[in-house]
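Read the structure below first, then the notes.
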Amino acid sequence: MPALKGHPAKPRMRDLPTPMAAEKSSVLAPPHKPAEGPFPLETLRHSMAHLMASAVGHLFPGTKYAIGPPIEDGFYYDFELPRPLTEEDLPKIEEEMRRIAKEGGKFVCTEASKEQARARLKGQPYKLEIVEEIPAGAPITFYSHGSWTDLCEGPHVDDASRLVHFKLLSVAGAYWRGDEKKPQLQRIYGTAWWSKEDLDAHLARLAEIEKRDHRRLGRELDLFTTHLEAGPGLVFWHPNLAIVRRSIEEWWGGELARHGYLPVYTPHIASEELFKRSGHLENYADLMYAPMAIDERPYRVKPMNCPGHILVYASRGRSYRELPLRLSEMGTVYRYERSGVLHGMLRVRGFTQDDSHIFCTPGQLEGEIAGVLELVDLVMKTFGYSFTAFLATRPKEKSIGAPESWEHAIAALRAGACRTGLPLEMDEGGGAFYGPKIDFKLRDALGREWQGSTVQVDFNLPERFDLEYTAAEGGRKRPVMVHRAIFGSLERFVGGLVEHFGGRFPFWCAPVQVGLLPITDAQVPYAGEIASRMLGDLFRVKSFDGAGNLNKRIREAQLEKIPYMAVIGKREVEAKSVSLRLRTGEDRGAVPLEAFLALCREKRASRSLDL
RNA sequence: GCUGGUGUAGCUCAGCCGGUAGAGCACCUCCUUGGUAAGGAGGAGGUCACGGGUUCGAUUCCCGUCACCAGCUCCA
């Protein structure tokens, strides 16, 4: 992943899958191929930014201009204005943009010396700052269209009349150079395309994303809440979503056992001593909650599970015969997040990680990596995500560990990936300060990218805790430690799933799997028989036998996005069958009861994504 | 944390220039027993986020707090 511009690389703990879903700019290409124009889309969007800047300049005399680049799906421009913008300003700016575009005007490029540039940019502090940073000898260019001129590298479209299919989307505060110590500017985001169809398709996608927002579906489907009384960033899982989570956890527990993981449970609080030794207190104190005194000794709520797992490892002498030792836990951790960043289930202050720490010998590393990658693949396939893997190497700035260790670990990551046939893209210098890693970027049903699973080699903690094992040839050696989270946090993962599936969970983990819909009261007893039979087989069934007719009941079940609706009328009772309707709207007609039950068992066991 | 916006019934929202609130859906009751997305009638439900201020009077105006929303910054 590209490093964030303008921010010094900071040592990180572990990467937890980070959704980028909330960002407009993360929205990828629409399902269809955008129309090609005479210039690349980036060029169009860059020119759009100029168009917008000129419009804002007309409407707000005295505007100071910062930067206006093209971004995924659109563009933005940052301004310093006499007053903050509101959404109501957008239509006016848009109108002015259309007026200027309609007039047309060639985009003209002129070169200038630094001296000339300084003179032309008088009163534009941000632009002047940029000019000063242009290395001597490099060309300084200005682009103009109509009466508007801007310091700019280009390139641009040939004429402003090409700037037709766009829409301004939002306003926001943004710091100059992304530095919160610098002045905050007004940013306007917009989207732009070569054709009206592309623009409309993109707006339709934004609407779909809004419809699938897990916070909205969370309310509609009674999935989760947060509470004023409890505090922000703390998620309460309602039964419907708890069932989804538990279905996943139950399946996952089996897979972990199959892959040789051993479960542990570790406490939620621990003495500060532990976090001092692990280094968390010194490096990450700002995300840990204040200490609480217990018998006059300071304790902390855990922000991570690693120290606990290490204590389990180090609780007695270990032999090479026990390695690799794979300890795993659904570990709930609490971290302080600044209030402005909290977001539904995706960015919270308390969450549960599917956390594992693998202790192994250097020679076992490759095999362990391969094993983890298999699990990643399994999860991605099970939920229908496609993904790409990035190998993150040693950071240029501060990092620890011998060069040979890094080389060995990177080679092991590579070899592990190779063994599972996983292509790796490079993220040079993107590793943690304590070791290299493989990160996964996954792509959901709407084409959005999320940060996914992570596997990290750690040279730091084994040192800090002086971990050892007795080697085959005698003597004590230091084990290698691998951190690995496949789902990341369940809050994020499941929150992401809600959006990925649009609330239409696959049969195996759906909160209610089968809706029983008797047509009249006469069929209620038969529905009850089916219900208790299915319940006995641990299916989740709900009878719709309240007030209303069949249409009403279908509508209710449909709104709950229940995968299978079993309609039961007189004919079905007589024939010992159900009439099967899917939430897709498909009507499969009469199905013998036994066949229906077999279908349910099959869909559950296979964890099929299709109904 | 920062900038801007929002906060009226469980949900979605109305409520003009201040005179103590209204709709649809959901909910409850009764009637209806109806073959693939809303049958009918009635009823109940709100300290208008919270705390101050201005005013004869504040849901409405002002200030503060909290939460949420769009971003920024941060991020495991």
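In what follows, chains carry the letters A, B, and so on, assigned in the order in which the sequence lines appear, proteins first and then strands, with residues in each chain numbered from 1. Note that the structure is predicted; figures quoted are calculated from it, not measured. In what follows, every heavy atom counts, from backbone to side chain, and hydrogens, waters and symmetry copies are set aside.
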Only pairs under 3.5 Å count here: list side-chain donor-acceptor contacts from residues 566-578 of chain A, not counting sequence neighbours, and write none if there are none.
unit_1, atom_1, unit_2, atom_2, d
A:Glu572, OE1, A:Gly569, N, 2.7

What is the separation between atom CG on A:Asp179 and atom C1' on B:rC2, rounded to the nearest whole Å?
12 Å
When both distances are under 3.5 Å in a Watson-Crick or G-U wobble arrangement, the nucleotide paired with B:rC28 is B:rG42
Applying ring-ring contact (aromatic ring centres under 6.0 Å, His included), can you list everything that pairs with A:Trp237, at least two apart in sequence or on another chain?
none
Atom CD of A:Glu560 to atom C1' of B:rA26: distance rounded to whole Å?
12 Å
Both distances below 3.5 Å, Watson-Crick or wobble geometry, any strand: find the nucleotide opposite B:rG34.
none
On a whole-Å scale, what distance lies between the P atoms belonging to B:rC68 and B:rU8?
14 Å
Using atom CG of A:Asp587 as one end and atom P of B:rA37 as the other, report the distance to the nearest whole Å.
9 Å
Whole angstroms only, please: what is the CG-P distance between A:Leu185 and B:rU73?
11 Å
Tell which nucleotide pairs with B:rC66, taking only Watson-Crick or G-U wobble pairs whose two distances are both under 3.5 angstrom.
B:rG7
Distance between P atoms of B:rU6 and B:rA44 (Å, rounded)
35 Å
Can a donor-acceptor pair be found between the side chains of A:Arg187 and A:Tyr189 at a distance below 3.5 Å?
yes
Side-chain donor or acceptor of A:Asp521 under 3.5 Å from a matching atom on the base of B:rU33?
yes
What interatomic distance, in whole Å, is found between C1' of B:rC50 and the corresponding atom of B:rA67?
10 Å
Mark yes or no for a side-chain to base donor-acceptor pair under 3.5 Å between A:Arg338 and B:rU73, with no hydrogen or angle criteria applied.
yes
Give the rounded distance in Å between these two atoms: CD of A:Glu210 and P of B:rC69.
13 Å
So if I take every side-chain heavy atom of A:Arg347 and compare against B:rC75, B:rC2, B:rG35, which nucleotide ends up nearest?
B:rC75
At less than 4.0 Å, is any side-chain N or O atom of A:Lys552 found next to OP1 or OP2 of B:rA26? Yes or no.
yes
For the residue pair A:Tyr126 / A:Glu80, report whether a side-chain donor-acceptor contact shorter than 3.5 Å exists.
yes
The answer to which of A:Gly548 and A:Leu342 contacts RNA chain B further toward the 5' end, by nearest nucleotide, is A:Gly548
Quick one: is A:Arg177 getting a side-chain N or O under 4.0 Å of the B:rU73 phosphate, OP1 or OP2?
no
Hey, is the side chain of A:Ser170 poking within less than 4.0 Å of OP1 or OP2 on B:rG71, counting only N and O atoms?
no
What nucleotide among B:rU36, B:rA67, B:rC69 has an atom nearest to a side-chain atom of A:Val567?
B:rU36
OG (A:Ser328) and CD (A:Gln353) are apart, to the nearest 0.5 Å, by 12.5 Å
Work out how far the P atom of B:rG35 is from that of B:rC28, and round it to whole angstrom.
24 Å
Evaluation steps, ring pair (Phe, Tyr, Trp, His ring centres under 6.0 Å), between A:Phe387 and A:Phe440:
CA-CA 6 Å; A:Phe387 63 93; A:Phe440 293 82; 5.6 Å; yes
For A:Leu85, report the nucleic acid contact type (base, sugar-phosphate, nothing); a contact means any heavy atom under 4.0 Å.
sugar-phosphate
Answer with base, sugar-phosphate or nothing: what part of the nucleic acid does A:Glu220 contact at a heavy-atom distance below 4.0 Å?
nothing
B:rA21 and B:rU54: how far apart are their P atoms, nearest whole angstrom?
24 Å
Can you confirm whether the side chains of A:His214 and A:Glu499 place a donor and an acceptor under 3.5 Å from each other?
yes
Just by distance, no angles: are the side chains of A:Asp73 and A:Thr191 close enough, under 3.5 Å, to form a donor-acceptor pair?
no
Which of these nucleotides, B:rA67, B:rU36, B:rG71, is closest to any side-chain atom of A:Leu228?
B:rA67
Taking atom types as they are modelled, would you say the side chain of A:Glu572 forms a donor-acceptor pair with the base of B:rG35 within the 3.5 Å cutoff?
yes
Could you state the CD-C1' distance from A:Gln184 to B:rG71, rounded to the nearest angstrom?
9 Å
Between the base of B:rG71 and the side chain of A:Tyr76, is there a donor and acceptor pair under 3.5 angstrom?
no
Inter-nucleotide P distance (B:rC25, B:rC66), Å rounded:
39 Å
When you measure from the side chain of A:Val341, which nucleotide among B:rA38, B:rG1, B:rG35 comes out closest?
B:rG1
B:rG64 versus B:rG7 - spacing of their C1' atoms, nearest Å
16 Å
So, A:Thr332 and A:His268: side-chain donor and acceptor under 3.5 Å apart, yes or no?
no
Of the options B:rU36, B:rC72, B:rG34, whose atoms approach the side-chain atoms of A:Arg553 most closely?
B:rG34
A:Thr520, nearest nucleotide to its side chain (from B:rC72, B:rC68, B:rG34):
B:rG34
Side chain of A:Leu550 only, please: which of B:rC72, B:rA70, B:rU36 is the nearest?
B:rU36
Please figure out whether A:Glu556 or A:Pro232 has its closest RNA chain B nucleotide nearer the 5' end.
A:Glu556
Kindly say if A:Asn549 contacts the phosphate of B:rG39, meaning a side-chain N or O under 4.0 Å from OP1 or OP2.
yes
Looking at every strand, decide which applies to A:Gly585 at a 4.0 Å heavy-atom threshold: base, sugar-phosphate, or nothing.
nothing
As a test of reading the structure: which of B:rG35, B:rC66, B:rA37 is closest to the side chain of A:Arg571, going by heavy atoms?
B:rG35
I'd like the P distance from B:rG52 over to B:rG57, given in whole Å.
15 Å
May I ask you to say what A:Ile519 touches in the nucleic acid, namely base, sugar-phosphate or nothing, with a heavy-atom cut-off under 4.0 Å?
base
Are A:His46 and A:Phe75 close enough that their ring centres sit under 6.0 Å apart?
no
Can you pull every protein N or O that's under 3.5 Å from an N or O on nucleotides 6-13 of chain B?
unit_1, atom_1, unit_2, atom_2, d
B:rU12, OP1, A:Arg219, NH1, 2.8

OP1 or OP2 of B:rA26 less than 4.0 angstrom from a side-chain nitrogen or oxygen of A:Arg555, does that happen here?
no
Charged N-O contact under 4.0 Å between A:Glu208 and A:Lys211:
yes
Between C1' of B:rC69 and NE2 of A:His343, the distance in whole Å
10 Å
Hunt down the Watson-Crick or G-U wobble partner of B:rU12, both distances under 3.5 Å, from any strand shown, or write none.
B:rA23
